[in-house]
Amino acid sequence: MKPLAGKVALVAGATRAAGRGIAVELGAAGATVYVTGRTTRSRQSEMGRPETIEETAELVDKAGGRGIAVPVDHLDPAQVRELVARIEAEQGALHILVNDIWGQFGEPEWDKTVWESNLEAGLRLLELGVNTHAITSHFALPLLIKTPGGLVVEMTDGTNEYNASNYRVSFFYDVAKGAVSRMAFALAHELKQYDAAAVLLTPGWLRSEAMLDGFGVREENWRDATEKVPHFAISESPSYVGRAVAALAADPDVVRWNGKSTSSGELAQLYGFTDLDGSRPDAWRYIVEVESAGKPADTTGYR
């Protein structure tokens, strides 16, 4: 019996990157996974990427779970309400909610102040990266709390500890990530009485489809990118954070994680899973102790 057999998950924002990795690994653990996003085989979102929710659902099936692709714009309350009603009608329960929706497209505006930033793009980022999480939680949580032991994962970039003392990319990026962090805190307070857990989770340096394209490499030869950016050696595949979510969801005492901020690297050490290559990259410890410290790239002891 797979550890998540009989469990139902909603991965909001599962078209690509971490969301796709999470959906697939939940499927590999036996879950039924509702895969949502805006890019389908017949319609592309403003991200302009080729990946689709149908592809993700097929990968969930191939991994051993059941993938159900549902086109949803999570900024539209009516669409999210309809999605949750469908999950309740078809499954009768929701055990896992992953809020992985994000709003960055194109190159980020590195080190741009609020007055230097593109205001339209910045406000759109906040809509897609923050409002979507709130809307989805509003409609999905009444179903999730009907079953004790539910798990909500708020996906972010950087641990609470790191982000508390480091400026992240630009004003709008920093604010968006800070808001998601506070969402996890608030949800933990609200879910506690229902024997459920809200966890803030970050991957490390993620080898997303867009990242690999940017470096001109594929997953099979990603190490070639370290010739340009040596610290890319600490990077991880989307499957790694996917296995982190699957491990949390399978933990019978998952409520002990309520309100915690953690990373794929930390959870790998605790639960014993690995990345695709058998390693356990601990990116956030590496970033602090090696990269930010100005040391040469060396992942010895970090993966």
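Below, all heavy atoms of this structure are taken into account, side chains as well, without hydrogens, waters or symmetry copies. We number each residue from 1, following the sequence as shown.
- In terms of modelled atom types and a separation under 3.5 Å, the side chain of S292 and the main chain of I287 share a donor-acceptor contact.
- Using a 4.5 Å heavy-atom threshold, the side chains of I234 and W284 count as separate.
- A donor-acceptor pair under 3.5 Å is formed between the side chain of H133 and the backbone N or O of I101.
- Follow the hydrophobic side-chain contacts under 4.5 Å out from V98 and you reach V241 in the same cluster.
- Counting heavy-atom neighbours within 6.0 Å of F139 CZ, excluding the residue itself, gives a total above 12.
- Side-chain contact check for Q79 and H74: no donor-acceptor pair (N or O, by modelled atom type) lies under 3.5 Å.
- Ring-plane geometry between Y286 and H231 is classed as perpendicular, the angle between the planes exceeding 60 degrees on a 0 to 90 degree scale with a lower cut at 30.
- With hydrogens and angles ignored, the 3.5 Å screen pairs a side-chain donor or acceptor of N166 with a backbone N or O of Y162.
- A salt bridge does not link E236 to R303: none of the charged nitrogens lies less than 4.0 Å from a carboxylate oxygen.
- At a threshold of 4.0 Å, the pair R223-D277 counts as salt-bridged, since one of the basic side-chain nitrogens sits closer than that to a carboxylate oxygen.
- With hydrogens and angles ignored, the 3.5 Å screen pairs a side-chain donor or acceptor of N258 with a backbone N or O of A198.
- A salt bridge does not link R20 with E54: none of the charged nitrogens is closer than 4.0 Å to a carboxylate oxygen.
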T156 and T202: CA distance, side-chain angles, deciding distance, side chain to side chain donor-acceptor pair (under 3.5 Å) verdict: CA-CA 5 Å; T156 190; T202 178; over 6 Å; no
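- In this structure, the side chain of D76 does not engage the main chain of D73 through any donor-acceptor pair within 3.5 Å.
- The pair R38-E46 counts as a salt bridge, with a side-chain nitrogen and a carboxylate oxygen less than 4.0 angstrom apart.
- For R256, the CZ atom is densely surrounded, since the number of other residues' heavy atoms within 6.0 Å is greater than 12.
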Criterion side chain to side chain contact (heavy atoms under 4.5 Å, CB included) on D213 and R49, from CA distance to verdict: CA-CA 11 Å; D213 286 349; R49 295 286 312 174; 2.8 Å; yes
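- When side chains are defined from C-beta on, R124 counts as touching L75, because their heavy atoms get closer than 4.5 Å.
- With values rounded to the nearest 0.5 angstrom, F232 atom CZ is found 6.5 Å from W205 atom CH2.
- Annotation: E120, atom CD; neighbour count of heavy atoms from other residues, nucleotides and ligands within 6.0 Å does not exceed 12.
- Ion pairing of D61 with R66 is absent here, as no side-chain N (NZ or NE/NH1/NH2) approaches a carboxylate O to less than 4.0 Å.
- Under a hydrophobic clustering in which Ile, Leu, Val, Met, Phe, Trp and Tyr are joined whenever their side-chain heavy atoms come within less than 4.5 Å, directly or via other members, L187 and V199 fall into different clusters.
- Of all heavy-atom pairs spanning S261 and N160, the tightest one is OG-N, 3.0 Å.
- Contact check for L201 versus V245: side-chain heavy atoms found under the 4.5 Å cut-off.
- With 3.5 Å as the limit, one finds a donor-acceptor pair spanning the side chains of S235 and R207.
- Side-chain contact of T159 with S263: a donor-acceptor pair under 3.5 Å is absent, judged by distance alone.
- Between T147 and A93 the shortest heavy-atom distance is OG1-CB, 4.0 Å.
- Counted within 6.0 Å of CZ on R182, heavy atoms from surrounding residues, nucleotides or ligands total 12 or fewer; the atom is thus considered open.
- Panel note: side chain S237, backbone S239; a donor-acceptor pair is recorded below 3.5 Å.
- Summarising the local packing, CD of E219 is surrounded by more than 12 heavy atoms from other residues, nucleotides or ligands at distances under 6.0 Å.
- The hydrophobic clustering, which links ILVMFWY residues whose side-chain heavy atoms are closer than 4.5 Å, places F172 and V180 apart.
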CA sep, side-chain torsions, deciding dist, call: N99, S137, side chain to side chain donor-acceptor pair (under 3.5 Å): CA-CA 8 Å; N99 276 324; S137 292; 3.1 Å; yes
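- Within the model, atoms NE2 of H95 and CG of L10 stand 13.0 Å from one another, a figure rounded to the nearest 0.5 Å.
- Counting heavy-atom neighbours within 6.0 Å of E161 CD, excluding the residue itself, gives a total of 12 or less.
- Residues W102 and Y173 bring their aromatic ring centres within 6.0 Å.
- At distances below 3.5 Å, at least one donor-acceptor pair connects side-chain atoms of S208 with backbone N or O atoms of M211.
- In this structure, L144 CG and I96 CD1 are separated by 9.0 Å, a value rounded to the nearest 0.5 Å.
- Side-chain N or O atoms of D174 include none that pairs as donor or acceptor with a backbone N or O of Y167 at under 3.5 Å.
- For R243 and Y240, the positive end is not near the middle of the six-membered ring at less than 6.0 Å and at most 45° from its axis.
- Interatomic distance, T39 OG1 to M47 CE, rounded to the nearest 0.5 Å: 8.0 Å.
- By the 4.5 Å heavy-atom criterion applied to side chains, V70 and I53 are not counted as neighbours.
- Of the possible polar contacts, none joining the Q91 side chain to the E88 backbone as a donor-acceptor pair under 3.5 Å is found.
- Nearest heavy-atom pair across V35 and A14 is CG1-CB, 3.5 Å.
- In this structure a side-chain-to-backbone donor-acceptor pair under 3.5 Å is present from N118 to A121.
- In plain terms, the two heavy atoms of E25 and A246 that are nearest each other are O-CB, 4.0 Å.
- Between D195 and V255, some side-chain heavy-atom pair lies under the 4.5 Å cut-off.
- Nearest approach of L4 to L26, heavy atoms of both residues: CD1-CD2, 3.6 Å.
- Counting non-hydrogen atoms of neighbouring residues, nucleotides and ligands closer than 6.0 angstrom, the CZ atom of F185 reaches no more than 12 such neighbours.
- In this structure, Y194 is not a member of the same hydrophobic cluster as W257, with clusters built from ILVMFWY side-chain heavy atoms closer than 4.5 Å.
- A donor-acceptor contact under 3.5 angstrom links the side chains of E116 and T113, judged on distance only.
- For the pair T32/I68, a side-chain contact is recorded, criterion being any heavy-atom separation below 4.5 Å from C-beta on.
- Between V8 and I87, the closest side-chain pair of non-hydrogen atoms falls below 4.5 Å.
- Annotation for G204 and A283: closest pair CA-CB, 3.5 Å, computed over non-hydrogen atoms.
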Side chain to side chain contact (heavy atoms under 4.5 Å, CB included) evaluation trace for W110 with V169: CA-CA 5 Å; W110 291 98; V169 181; 3.4 Å; yes
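- In this structure, L94 is not a member of the same hydrophobic cluster as V153, with clusters built from ILVMFWY side-chain heavy atoms closer than 4.5 Å.
- Taking 4.5 Å as the limit, some side-chain heavy atom of D275 sits within range of a side-chain heavy atom of P281.
- Side-chain polar atoms of D251 and Y271 form a donor-acceptor pair below 3.5 angstrom.
- Judged by distance alone, the side chains of S181 and N163 never bring a donor and an acceptor atom under 3.5 Å apart.
- Classification of E209 and R16 as a salt-bridged pair fails, no side-chain N sitting under 4.0 Å from a carboxylate O.
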